Amino acid sequence: MCPDFLYGSFLKVLHNIGVENPEIKLRFEQPKNEQFGDFATSVALILAKELKLNPRQVAKEIVDRLQFDQNLVEKVSIDGPGFINIKLTNLFFATELERMFKEGEYYGRSTKGKGKKVNVEYVSANPTGLLHLGHGRNACIGDSIANLFAWLGYDVTREYYFNNAGRQMHNLARSIFARYRQLLGDDDYPFPEDGYHGDYIKEIAKEVVDKFGAHYFDESEENMDFFKKYGENWCFGKIRETLSKLKIHHDVFYNEDSLYSEGKIDEVVNLLRSKELIYEKDGAIWFALTKLGLQEDRVIIKSTGEPTYRLPDIAYHREKFLRGFDLIVDVLGSDHIATVPDVLAGLGALGFDTSRVKVVFHQFVTLMENGVQVKMSKRSGRSYTLDELISEVGADVVRFFFLMRSVSTHLDFDLALAREQSEKNPVFYLQYAHARICSIFDTAKERGIEFVDNASTNCLNSLTEIQLIKLQRRFPEVIEISAEKFEPQILADYLYDLATAFHVFYHNCRIIGSEEPILSARFKLARVTQRILRNGLNILGVSAPNRM
RNA sequence: GCGCCACUAGCUCAGUUGGAUAGAGCAUCAGCCUUCUAAGCUGAGGGUCACAGGUUCGAGUCCUGUGUGGCGCGCCA
């Protein structure tokens, strides 16, 4: 964020006065208060101790040695306890606008992650039901994180861990079968105790009745397999349909089944055995986690012969490592927190660098309306599915609302606010800024007004204009920070600020009707804002309409 | 009992690696549309940053303890 020339001059001075590791100590920030200038550094305060000098004195030593291009720096001052504040000239910002404008659609992209492979796994809901709100938050977070890394030049794989093995699928089959029998008049047919109670099970059963009649009436193994497969396809179809409404698509659906069929599970067991990390007790196979510093040993293969989740999870993540990913991101709900240490310990024991695994935990979603928690959908009378929420408030609103809070905090989803198609709704505020800009360009075109690319921007001098440029300059940095912290919310907040700065600019400065060179300079200001809003919203998965 | 997450304005939340006078939105009140979209802009009120210690030039931010709330602690995933 800090211009290179500024950073360079300071670094040179710090070197000259014999500071050790100045790169680490030199940091710039943008002061909250305008009166302190455009950039500030507290480096003098940090150095004061090691130099055993008064901070203001240190600041003076530094400032006296600084050399700048006078066209770019307006003022350097020492304030407060020893902050060095720098005010840059309007020419500097005009040049910056020019630079951002010339970068065009690529402004904000970087090559930082070039050659690096990142895997982002998200959603990964089992095909036993419909997506609920928590899945929705998971999906939006994962997708936006993937988008952020793509912007940084990483080779991104969006992955869904597809678990269609194990007891849950039997459960699904038996649940559908029970409803099927009941529909066919066998009213007393018992519903499985731990079956899936949702109404969608009845829907599936009804579909089977409509299509095949009583063809699958017998409680045979083949028929169970049929219901399992039918239910899986039905659920997974719905899941993909819902995700697609949110513009979420995965590159890889990694099937848990393949871990078994390709012998990956056995490989892991053998590897752990060779490291003497597993043993047998009570007919089950245990993972000796206490040897790895954890609290308790855990079962990885039940006495029935089925593995617990830990084993396939370790095998799956081992595969991710073997597939050559430099960074492995898992997006999980906070209810999975307890499962991660075991899996990481297993991977560590297998010799993998677990610092490459980043698990993003998100907290729960609570649907609120007028201060009261909403548990059931008014329309269906059942608990809200993600799909219902989307059809009620729209995909853009759902995506933005799920992303506008930081990942680690509980999310209160304000249904009344989300429904509101007005200025109160932050999504519309952002989209409106974009539509307004488009409208300016449309109007200019209609009236035959053209602007010139090579006109100078050095005529912009109002506070509002400079303010807008300052925010535009931050875009690349914001993308980077959002990705590093795995927090799309940082980008959402930034876009909101940018929209505000634009609305203020729009209010204070006219574009159409201004004389050259102001006309063209302001056009550029609007163009750069438009690109950032569009690209930024795109990363968040929110559309940027040309008209509203 | 143990682990993780949170606690900031009436409500929902921001607050960069510790920095200067803690910020938005909603809600409340008061203004601004013959000119590019008023889904906008401007202003006002509203705070013991849960509490108590500690670290230091400086703490909403770091450390310790306490309280409140959420989630988890299975041969479920």
Side-chain angles (χ1 to χ4, degrees), chain A residues 1 24 27 29-33 35-36 40-42 45-46 48-49 54-55 79-83 85 124 126 163 166-168 194 281-286 295-296 298-310 312-313 333-341 361-364 366 368 371 404-414 416-417 420-433 435-444 446-447 449 477-478 481 484-485 489-490 492-493 496-497 499-500 502-504 506-514 522 526 547-548:
Chain A
M1 76 173 189
I24 299 166
R27 288 290 141 88
E29 62 187 80
Q30 299 196 13
K32 289 167 201 158
N33 193 329
Q35 77 182 55
F36 294 128
T41 178
S42 57
L45 294 160
I46 293 162
K49 197 193 274 177
N54 173 309
D79 298 295
F83 291 100
N85 293 320
S124 297
N126 296 336
N163 184 349
R167 210 170 62 185
Q168 44 169 0
D194 47 356
K281 194 180 91 182
D282 304 330
I285 310 271
W286 293 69
Q295 290 283 320
E296 279 177 280
R298 302 282 182 186
V299 170
I300 53 168
I301 300 179
K302 298 184 247 178
S303 50
T304 58
E306 293 169 76
T308 62
Y309 72 87
R310 291 179 190 86
D313 268 13
S334 60
D335 51 336
H336 286 72
I337 281 179
T339 72
V340 169
F361 288 111
H362 62 87
Q363 298 286 319
F364 282 15
T366 311
M368 302 290 286
M404 71 182 186
R405 300 294 177 229
S406 77
V407 166
S408 61
T409 56
H410 267 266
L411 176 69
D412 275 5
F413 193 109
D414 186 336
L417 180 62
E420 190 125 13
Q421 309 242 328
S422 75
E423 79 283 357
K424 291 173 195 164
N425 192 323
V427 185
F428 292 101
Y429 183 84
L430 280 172
Q431 293 182 322
Y432 183 60
R436 256 187 164 176
I437 297 171
C438 294
S439 161
I440 295 168
F441 287 109
D442 289 347
T443 307
E446 274 168 33
R447 299 188 192 171
I449 300 166
E477 175 203 12
V478 167
I481 295 173
E484 272 168 20
K485 293 183 180 266
Q489 170 263 328
I490 294 173
D493 257 21
Y496 196 91
D497 288 345
T500 301
F502 181 79
H503 285 310
V504 172
Y506 182 90
H507 187 259
N508 291 344
C509 309
R510 286 198 58 82
I511 298 178
I512 294 170
S514 299
R522 287 184 177 165
R547 248 168 229 291
M548 286 176 75

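Numbers restart at 1 for each chain; the letters A, B, ... are given by sequence-line order, proteins then strands. Heavy-atom basis, side chains included; hydrogens, waters and symmetry copies ignored. Bear in mind that the values here come from a model prediction, so they are computed numbers and not experimental data.
- The residue A:N85 sits close to a base: some heavy atom pair falls under 4.0 Å.
- Annotation: of the two residues near RNA chain B, A:V407 and A:E306, the 5′-most nearest-nucleotide partner is A:V407.
- Counting any heavy atom pair closer than 4.0 Å across all strands shown, A:Q295 reaches no nucleic acid atom.
- In this structure, A:P307 reaches the sugar-phosphate backbone alone: every heavy-atom distance under 4.0 Å involves primed, P, OP1 or OP2 atoms, never a base.
- For the residue pair A:Q168 and A:N163, a side-chain donor N or O sits within less than 3.5 Å of a side-chain acceptor on the partner.
- A:C509 comes within contact range of at least one nucleobase, with a heavy-atom separation under 4.0 Å.
- Taking a pair as Watson-Crick or G-U with both hydrogen-bonding distances under 3.5 Å, the stems of three or more pairs touching RNA chain B are B:1-7 with B:67-73, B:10-13 with B:23-26, B:28-32 with B:40-44, B:50-54 with B:62-66.
- Residue contacts shown for A:T409 are limited to sugar-phosphate atoms, with no base heavy atom under 4.0 Å away.
- Within 4.0 Å of A:R547, counting heavy atoms only, lies at least one base atom of the nucleic acid.
- A:A338 comes within 4.0 angstrom of sugar-phosphate atoms only, judged by non-hydrogen atoms across all strands, and of no base.
- In this structure, A:K32 reaches the B:A20 phosphate: one of its side-chain N or O atoms is under 4.0 Å from OP1 or OP2.
- Contact between the side-chain N/O atoms of A:R310 and the OP1/OP2 oxygens of B:C75 is not found at any separation under 4.0 Å.
- Among the protein residues, A:E484 comes within range of no part of the nucleic acid, since none of its heavy atoms lies under 4.0 Å from any strand.
- You cannot call A:F83 stacked on the base of B:G19; the centres under 5.5 Å and planes under 30° rule is not satisfied.
- In the interface, the side chain of A:S303 is paired with the base of B:C75 through a donor and an acceptor atom under 3.5 Å apart.
- Residue contacts shown for A:A526 are absent, as no nucleic acid heavy atom lies under 4.0 Å away.
- For the OP1/OP2 pair of B:A39 and a distance below 4.0 Å, the side-chain nitrogens and oxygens of A:Y506 include no atom meeting the criterion.
- A donor N or O paired with an acceptor N or O is not found under 3.5 Å between the base of B:A22 and the side-chain atoms of A:N33.
- Note on A:D79: a base of the nucleic acid sits closer than 4.0 angstrom, heavy atoms only.
- Anti is the glycosidic conformation of B:C51, whose angle departs from 0 by more than 90°.
- A:F36 qualifies as a stacking partner of the B:A20 base, centre to centre under 5.5 Å and near-parallel within 30°.
- At the heavy-atom level, A:S334 lies under 4.0 Å from the strands shown only through sugar-phosphate atoms.
- Under 4.0 angstrom from either OP1 or OP2 of B:C13 there lies no side-chain N or O belonging to A:S406.
- The phosphate of B:A6 (OP1 or OP2) has a side-chain N or O of A:S408 nearer than 4.0 angstrom.
- At the heavy-atom level, A:N163 lies under 4.0 Å from the strands shown only through sugar-phosphate atoms.
- Among the atoms of the strands shown, none is found under 4.0 Å from any heavy atom of A:F441.
- The interatomic distance linking A:R27 (CZ) with B:G58 (P) rounds to 22 Å, in whole Å.
- Where A:R447 and A:T41 each meet RNA chain B at their nearest nucleotide, the meeting point lying more 5' is that of A:T41.
- For the pair A:K302 and B:G74, the criterion of a side-chain N or O lying under 4.0 Å from OP1 or OP2 is not met.
- Atom C1' of B:C49 sits at a distance of 47 Å from the matching atom of B:C75, rounded to the whole Å.
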